[in-house]
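Each remark here refers to the structure printed beneath this line.
Computed from heavy atoms alone, side chains included, the values below leave out hydrogens, waters and symmetry copies. Chain letters run A, B, ... following the sequence lines, proteins first, then strands; residues in each count from 1.
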Amino acid sequence: MATFQTLPGFREFYPEDCARRNHIFRLWRQSAGTYGFAEYDAPVLEPLDLYKAKSGNEIEAQLFSFTDKGGREVALRPEMTPTVCRLVGARASALKRPVKWFSIGEFYRYERMQKGRGRCFFQFNADIFGEPGPEAETELIALLIQCFRSFGLTADDFYVRLSDRNLWFYYLEALGLDQPQARSILGAIDKYDKLGAEAFSDYARDFGALPPVLMEKILSFLAIKSLPALEAQLAALAGEKLGARLADWKKLLGALAAMGLERFVEVDLGVVRGLAYYTGFVFEAFDRKGDLRALAGGGRYDDLVEKLGGPAFPAVGFAIGDMTVALLLEQRGLMPTLIQSPDVYAVIGGAQERLAAFADINELRACGFRLEYPMKELAFGKQFKAAAESGAKLALIYGGDELAKGVVKIRDLAQRTEIEVPRDQVVASVRDFMTGASRLA
RNA sequence: GCGGUCAUAGCUCAGUUGGUUAGAGCACAAGAUUGUGAAUCUUGGGGUCGCGGGUUCGAGUCCCGUUGGCCGCCCCA
């Protein structure tokens, strides 16, 4: 046995695993539906250039990519954003705005495996296109929070850290830094949590040591954890862009507070996200205990649709991964035990009775009841045991005595009560019981 | 890509300084039990001890290599 193994980092879903996966998907779908997002899907295999165009060649190292039999350079999708930008870009002029879309799909990255990260994983992606203002962020962050709350998670379990790459760029510009310098600083800020002052060594190498005055201002900006603190820090600096940005912040946080979500959101300018394509608000969701990697991440990417060949089209989006969510739900005891039980279990006497039972079995199934019966002839004792273990609510008993009388026994497996009903009333009786319209005496 | 650690039945594990034909619990299956429930008892199937090589009279056990898992680093769309 075990001559063939799964490829490293790939997962198999036995029924109980699949049930848990589907539980997560179902609640994600339900949340997206209530927020008015429409589901879409797209190919798993894409032209390699779709990802090179956006992120540069070095990203290829983490792609599952190869040349297909037609000589095309292709890659398994590592994320959904470029794909959804293509979809939206191709029909941009025909889509009613705002475009609110979501999808659930599998993604692939050739990486070293770790807790909460494999080479294949599922993501819930939600995006809004065509809305440049913070109203789009409001809607998405609210949906993001709902996606976690629907499992029973609370503000004590997770929170969203909110930041803004534009604000950083405007601020650094006001401090007199140019674009390349600002980008390097953002890279340092991304690592500052882990590395401390060491994080700025790349900047020092490329542009010379950062003057202490600037360093101090950057670090105090980085330390901002609230809107009032942000306003105070920016008060000293004039500028239309900074003023307009601050107004967006007030709008966004005001709207989320009005929704009663302020306990889920924290201002944290230390979040800048690694991706170069983000252009405005960026946010990440984390568990409160902090022993898992990020639960979700997203932000605004106003230039990407155009970069990928579409028209200029503002966009915001986020993605949630299934692995960290599953770990968090297990940790908090919020992963239900999901067993699929039949509604009805048929207990069958012998070969003659089996043929008689099949008529009712098939009709009940056609009516939508989940029904099981033993495939082999078994002693009654065994069958009742199997019926109880199956989790069925009812047992239908097709024995020789019953059939001779033209009846079937219906047993309530929980109450251990049973009645006899005429053969032609079996379907109606089962329906009455299952819908709660009647009980067995 | 780097480092640490581990690998025995479907699962959780035991296996002594190297020594007969590698064990237990759970799970699965059959029977006791051909008309009424999760019990009990009996029995059974299931292992090239991750894979390959080496040392040895003899390796699950020691050595080397390799593959894979877990944890951390790098990275993280």
Whole-Å [atom1] distance, [N] and [M]:
{"N": "A39(B)", "M": "G58(B)", "atom1": "C1'", "value": "47 Å"}
{"N": "A27(B)", "M": "G44(B)", "atom1": "C1'", "value": "14 Å"}
{"N": "C51(B)", "M": "U67(B)", "atom1": "C1'", "value": "7 Å"}
{"N": "A7(B)", "M": "U66(B)", "atom1": "C1'", "value": "13 Å"}
{"N": "G1(B)", "M": "G60(B)", "atom1": "P", "value": "33 Å"}
{"N": "U20(B)", "M": "U61(B)", "atom1": "P", "value": "14 Å"}
{"N": "U12(B)", "M": "U8(B)", "atom1": "C1'", "value": "12 Å"}
{"N": "G15(B)", "M": "A38(B)", "atom1": "C1'", "value": "34 Å"}

Go through [options] for me and flag the one nearest to the [X] side chain.
{"X": "Arg112(A)", "options": "G35(B), C73(B), A77(B)", "answer": "C73(B)"}
{"X": "Leu413(A)", "options": "G69(B), G37(B), G35(B)", "answer": "G37(B)"}
{"X": "Lys409(A)", "options": "G35(B), C2(B), A38(B)", "answer": "G35(B)"}

Taking [atom1] from [X] and [atom2] from [N], how many angstroms apart are they, rounded to a whole number?
{"X": "Glu420(A)", "N": "U36(B)", "atom1": "CD", "atom2": "P", "answer": "15 Å"}
{"X": "Lys382(A)", "N": "A39(B)", "atom1": "NZ", "atom2": "C1'", "answer": "14 Å"}
{"X": "Phe107(A)", "N": "A77(B)", "atom1": "CZ", "atom2": "P", "answer": "14 Å"}
{"X": "Leu63(A)", "N": "C76(B)", "atom1": "CG", "atom2": "C1'", "answer": "13 Å"}
{"X": "Glu79(A)", "N": "C76(B)", "atom1": "CD", "atom2": "C1'", "answer": "11 Å"}
{"X": "Met113(A)", "N": "C74(B)", "atom1": "CE", "atom2": "P", "answer": "19 Å"}
{"X": "Glu16(A)", "N": "G10(B)", "atom1": "CD", "atom2": "P", "answer": "15 Å"}
{"X": "Phe380(A)", "N": "U34(B)", "atom1": "CZ", "atom2": "P", "answer": "12 Å"}

message: Could you check whether Glu46(A) and Thr83(A), counting side-chain N and O atoms only, form a donor-acceptor pair closer than 3.5 Å?
response: yes
- request: Verify whether one side chain among Asp127(A) and Tyr301(A) offers a donor that lies under 3.5 Å from an acceptor in the other.
  value: yes
Quick one: label [X] by what it contacts on the DNA or RNA (base, sugar-phosphate, nothing), any heavy atom closer than 4.0 Å.
{"X": "Lys191(A)", "result": "sugar-phosphate"}
{"X": "Pro8(A)", "result": "sugar-phosphate"}
{"X": "Glu402(A)", "result": "base"}
{"X": "Gly349(A)", "result": "nothing"}
{"X": "Leu378(A)", "result": "nothing"}
{"X": "Met80(A)", "result": "nothing"}
{"X": "Gln114(A)", "result": "base"}
{"X": "Gly118(A)", "result": "nothing"}

Indicate the ring-plane relationship of [X] and [Y], choosing parallel, tilted or perpendicular according to the 30° and 60° boundaries.
{"X": "Phe148(A)", "Y": "Phe158(A)", "value": "tilted"}
{"X": "Tyr373(A)", "Y": "Phe358(A)", "value": "perpendicular"}
{"X": "Phe286(A)", "Y": "Tyr159(A)", "value": "tilted"}
{"X": "Tyr110(A)", "Y": "Phe64(A)", "value": "perpendicular"}

For [N], give its Watson-Crick or G-U wobble partner with both distances under 3.5 Å, or none.
{"N": "G3(B)", "answer": "C71(B)"}
{"N": "U16(B)", "answer": "none"}
{"N": "C26(B)", "answer": "G10(B)"}
{"N": "U61(B)", "answer": "none"}
{"N": "G31(B)", "answer": "C41(B)"}
{"N": "C49(B)", "answer": "none"}

- request: Starting from the 5' end of RNA chain B, give me the residue, Tyr108(A) or Arg416(A), whose nearest nucleotide shows up first.
  value: Arg416(A)
query: Is a side-chain donor or acceptor of Gln383(A) paired with a backbone partner of Leu378(A) at a separation under 3.5 angstrom?
result: yes
message: Looking at Gly130(A), is its backbone amide N or carbonyl O close enough to the side chain of Arg97(A) to form a donor-acceptor pair, meaning the two atoms are under 3.5 Å apart?
response: no
field: Base U34(B) to side chain Glu377(A), donor-acceptor N/O within 3.5 Å cut-off
entry: no
message: Between G37(B) and Arg411(A), counting only base atoms on the nucleotide and side-chain atoms on the residue, is there a donor-acceptor pair under 3.5 Å?
response: yes
Below 4.0 Å: OP1/OP2 of U33(B) and any side-chain N or O of Lys385(A): no
query: Taking only N and O in the side chain of Lys115(A), is any of them less than 4.0 Å away from OP1 or OP2 of C76(B)?
result: no
field: Phe384(A) ring over G37(B) six-membered base ring, under 5.5 Å and 30°
entry: no
